[in-house]
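Structure first, then comments.
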Amino acid sequence: MTYSAAIECLRTAKNIVITTHINPDGDGVGAGLALVHALSGLGKQVRFLCPSKVVSMYAFLPGYADIQVLEDEASAAATAKADVIISCDAGDIERLGFVAKVARTTLINLDHHVTNTRFGDINVVDVNAESTGVVVEQVLEAMGVPLDKRIAECLYTTIVFDTGRFMHSNTTAHTFRWTAKLLDAGIDASAINRFLAYTKKPHDLLIQKMGIENLSVDAQEQRIAGIVLSADAIKAVGEPEDWGDLVEIARSLQGNQIAYLLRESKDKKSVRCSMRANPPYEVGVVAQAFGGGGHRQAAGCTYQGDLASALRDIVPRLRQQLPSEIK
Ligand SMILES: [Mn+2]
């Protein structure tokens, strides 16, 4: 890992912008806020600019209220030049939206996606890290920044989110050792878990209901199940603030190995596809085939075309990922 270049750059930087990807998740927000607290503590001027709204589920995180949303070209042009922009958890520069247009001397790319395009001037991409929060913690440790409670709360959120509450295949002995350090910093892990899991609104549950109603097992390959939501179905219930882990409903079926969620866009011209697989099966390659990316077992893409075409093109590729005999 090329941590040294990032650390050298951050030591001298005075004015720093932190960012994460569009539709930010627990890893991007937590990793970014951990950096905000750590770098502010070193006396630097730090701003967290997000390319789209951060869902209210993360409002419990310290620093949430100071996150600024930057969603258009004019705002990017009006933003003061930064010495450094630090991107957290984004696999490619398009994921940074208009924040990518903010003037800076250096762009540091901190990430763990296997499909990361190394778009930064300095790239610290550790595909073995469970979350980008783990990468951030390595940077902070190398800089000699101690883990305080606020930083640990933010980092804990990254690991809970990206391991699916310590359930996915990226959960290792390292994960638990690393997480134990965060608990040693005095965080209330149980309270954070409740914020992340038990703060659904009635509308969020209606979305879950719609997911269950639109769930189907593939007729040709029973190890595949998916949820297909048309623009009209989504409109009838109302767009959620966050689509969260709806794909997990399909994944939770007994015998399931690959799960997908297809959501038709409002204009019916594209389809957002989220995919999950149990190892050794992979869906990252399928997402990449349609211009998307992610991890081997959790990936997504935006398919250009209507819902019927998306099903026709994507599902056969998912079937190919499941050989009839498990080797
Ligand atoms: Mn992540």
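Atoms within a ligand are numbered from 1 in the order they appear, just like the ligands themselves. From a predicted model like this one, the values you see are computed outputs, not experimental measurements.
Under 2.8 Å from the Mn ion (ligand 1) lies no N/O/S atom of D25, from backbone or side chain alike. With a cut-off of 2.8 Å, the Mn ion (ligand 1) has no N, O or S atom of H295 in range.
Between F166 and Y156, the two ring planes are tilted [angle within 30° to 60°].
Salt bridge R11/E8: present, at least one basic N to carboxylate O contact under 4.0 Å.
Distances from the Mn ion (ligand 1) to the N/O/S atoms of D89 are shortest for OD1.
Counting heavy atoms from C-beta on, the side chains of F98 and E71 never come closer than 4.5 Å.
A cation-pi arrangement, defined by a distance under 6.0 Å to the six-membered ring centre and an angle within 45 degrees of its axis, is absent between R276 and Y281.
Between the OD2 atom of D162 and the OD2 atom of D27, the angle centred on the Mn ion (ligand 1) amounts to 80° when rounded to 10°.
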